[in-house]
Amino acid sequence: MPRLVLIDGSSYLYRAFHALPPLTNAQGEPTGALFGVVNMLRATLKEKPDYAAFVVDAPGRTFRDDLYADYKANRPPMPDDLAAQVGPMCEIVAALGFPILREAGVEADDVIGTLAVAACRQGIEVTVSTGDKDFAQLVRPGITLVNTMTGSVLDPAGVVEKFGVAPERIVDYLALMGDSVDNVPGVEKCGPKTAAKWIDAYGSLDGVIAAAPEMKGKIGENLRAALGRLPLNRELVTIRTDVAMPLGPAELVLRGRDADTLRGLYARYGFTQALRELDGGTAADAAAEGTLRNTAAGYARSGGGQAEAADPALAAKGEYRCVTTREDLDAWTARAKAAELVAFDVETDALDALRARLVGLSLAVQPGEACYIPLAHDYPGCAPQLDFDEVLAALRPVLEDPAVAKVGQHGKYDLHVMRRHGIAVRNYSQDTMLESFVLNSTASRHDMDSLAARYLGYTTTRYEDVCGKGAKQIAFSQVELEHATGYAAEDADVTLRLHRALHPRLEAEPALLAVYRDIEVPLIEVLARIEANGVLVDAEELRRQSHDLAKRMHEAEQKAHALAGRAFSLESPKQLQAILFDELKLPALVKTPKGQPSTNEEALEAIADQHDLPRLILDYRGLAKLRGTYTDKLPASINPDTGRVHTSYHQAGAATGRLSSSDPNLQNIPIRTEDGRRIRRAFVAPEGRRIVACDYSQIELRIMAHLSEDPGLVAAFEGGMDVHRATAAEVFGAGSPEAVTGEQRRAAKAINFGLMYGMSAFGLSRQLGIARGEAQDYIAAYFARYPGVRDFMERTREQARERGYVETVFGRRLYLNDITSRNQGLRAGAERAAINAPMQGTAADIIKRAMVEVDRWLDGQGARAAMIMQVHDELVFEADEGFVPTLVAEVTTRMQAAAALRVPLVVDAGVGNNWDEAH
DNA sequence: TGCTCCTGCAA
DNA sequence: TATTGCAGGAGCA
């Protein structure tokens, strides 16, 4: 059957622009969106469609503007960096041989809709290539959607699976939700879940409208409020299939490509892969580089496909091997041993690396060549697997061989699992998650599925695809070997391909490569060791505290009910709102972002002098928080095997380069109040050991001094002064630091910290409880005394605007997508982040470097000391009592030497029987 | 059960 | 109208 591909050009252009880092060519012209579109088109051509067209919007009004005056009224103009890519895009599209369609008075959507339906009637199979979910309404037998950037293919069943409604009901679904991008308001609070549920329950939009009077709750009111708009919404979101077209589907013939023009354009924009392919590179080469859209997944979903099977590179892809014989195992270990880089990936039965049991293991040695070695699948009728210990014994010489380099995706997990099975993986030297993180930390996710979609245009088999999800999810050991192999071997394969796609990008930026290679990669093993070490938590102590807190909460609750004159839940902001502002008529001084009277800490503080209840609520909340989050939950986190708490550190967690911690989060254990500090007393050292805490003093302010080179600030740190006191002396003209009052020092501290976060006079006035004009005067005085700081901040904002990113002392980048936004709030937010990121990020770089050095030293010290926690500017250790002095001296030295700034780095160390005492 | 909102802990 | 995180409970459907 002949096939027509209709490409939604505008959709791809926008999506590529936002999905890819702001790449530029050698001349500094933006190329990111272009790159994405070109790869997509090349992938489309590989599928050899019989007919194709690239459809874009024509300028000017359309019938939708006539229907609805505000249609797309809040859509910002196209960003300059994107507009600059439109011309070159059309040149490339034309040179590739695609007909370009641009019809005045109708949107690209309607052109596509009309052609798709007409072609379908003529017996032509249609693929609509778009990233826009609205097109799901066109799907029917003979018309499928494909998103080449993510590789997903949608047929009618796929639409139902993805949206929860049939293609014919997509317009109803969209009408309910509305579309903020096009300025079409739907039903407030009605998102994808609610819309699908209603349509499922009432059959259609008309059914929902008919049922509106009986709908309960707030959302029912919202629906009734929106009723008048819904028919118009449906009309606006309906793609027309009957517009007049000068060309019929069968006239959309691909011309041959114009190789000379393409060569010039590819060279100009630096598309080396495309250029190589043009000059005789094979399809297999291209597949190895990951430029081809994968088909294994798409294939399975579209019920197979002869066209793809004809391509040797793709056929190779299906050859994932399930290893169940000794001969196969020996062959694969030999290949791995000989490979210059082996991708490996473990499959287990749990997410927690410190509890998970190994179920299987996969290896990839070349793109497209991967195997899965099942070890512990145990469903009825499962084919025999190789002996668990025999396989590990065979793999050990490879995994522990320092001469064989390994690559993985989030390999810290795999390292944990292998270590717990007695294998110490050596030379784990590449990690695709970290490659992605260093290349662009602000990319929303760094998981393999997202990376494969973003960088390879490849749709991976997801975990849910083989295991299901929610209550019906099964363990990986229950998955049939055939499916398990398709999933697991693909993981290793894709990891290897991703590495080949990502590493060259790092190599092109030496500073980024250094951050990746010298900081992040060495840190993987260090973090794995810290997590494995864990920290000893005294569960009995926490239980006592829980009990005490519960008693005090009960007392507070009784008093609060008495004060309010009735019983209510102290933990419900809504009920509290009613009591405080409606019944007690206290003034609502603070609003939530949604305009509700807030009951947050600030709001309660503000009215605490008018009534006793707010203070009581604040006390209660403090107690409830401690109990709910810490004293009750921490004991549950103790690993039964080790008797200790093992957090998980996320190396690609915070965009600035900081680590984050979860399960449990050990980076937000209370410290500021006495009750909070008691919790730290439950973090203890075993008999004969001590807790040692070493933290950087004022590290971010020191980095600000370094970056700004401000003489006053640098001098304060070089002189070893109390920097807040010194600042106060300067700003308030106290004469000497000794003459500074406590109040002045507090204000100076607020200024110092506020500036690092890009705070305004408004924020400072609120923080200090002073008038805005006064706060403005303080800030002016500060900048007059520390002009270098002001210049640094201006420079940073400028750099962010010009380059689209800021960087740390070590060259780590943070892209700020909103820095040129027309939306003033977003832009201001990005500017604040731009100021903060170099300081927060440099501090993160420094402590990461220190951790690597300290770990290297600890490695030679046996079990006398171990690193057990990191809290942004603090490293915590557990050490033999007699070893403490050595540890403090050696750690302090290494932490201070982790960076050579214009000001000294100072480290404070504390020792105790628990974490509280060590401060 | 999953989703959103509000709240609050740390550096 | 102060940065970066994680995580709890309430309310809702």
Counting any heavy atom closer than 4.0 Å, what does [X] reach on the DNA or RNA strands: base, sugar-phosphate only, or nothing?
{"X": "A:A828", "value": "nothing"}
{"X": "A:S662", "value": "sugar-phosphate"}
{"X": "A:G754", "value": "base"}
{"X": "A:L659", "value": "nothing"}

Side-chain N or O of A:S660 closer than 4.0 Å to phosphate OP1/OP2 of C:dC6: yes
Taking only the side-chain nitrogens and oxygens of A:R672, find out if one of them lies under 4.0 Å from OP1 or OP2 of B:dA10.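 Checking B:dA10 against A:R672, a side-chain N or O does come within under 4.0 Å of OP1 or OP2.
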Between [options], spot the one nearest the side chain of [X], thanks.
{"X": "A:I671", "options": "C:dG9, C:dC6, B:dA10", "answer": "B:dA10"}
{"X": "A:R621", "options": "C:dG8, B:dG8, B:dA11", "answer": "B:dG8"}
{"X": "A:K633", "options": "C:dT4, C:dG8, B:dG8", "answer": "C:dG8"}

Nearest-Å distance for atom pair NE2/C1', residues A:H919 and B:dA11: 11 Å
So, A:F753 versus A:H724, ring centres under 6.0 angstrom or not?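 Centroid distance A:F753-A:H724: below 6.0 Å, so yes.
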Report the residue (A:R658 or A:D663) whose heavy-atom-nearest nucleotide on DNA chain C is the more 5′ of the two.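 Nearest-nucleotide comparison on DNA chain C picks A:R658.
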So, A:D845 and A:R849, do they make that salt bridge, N to O below 4.0 Å? no
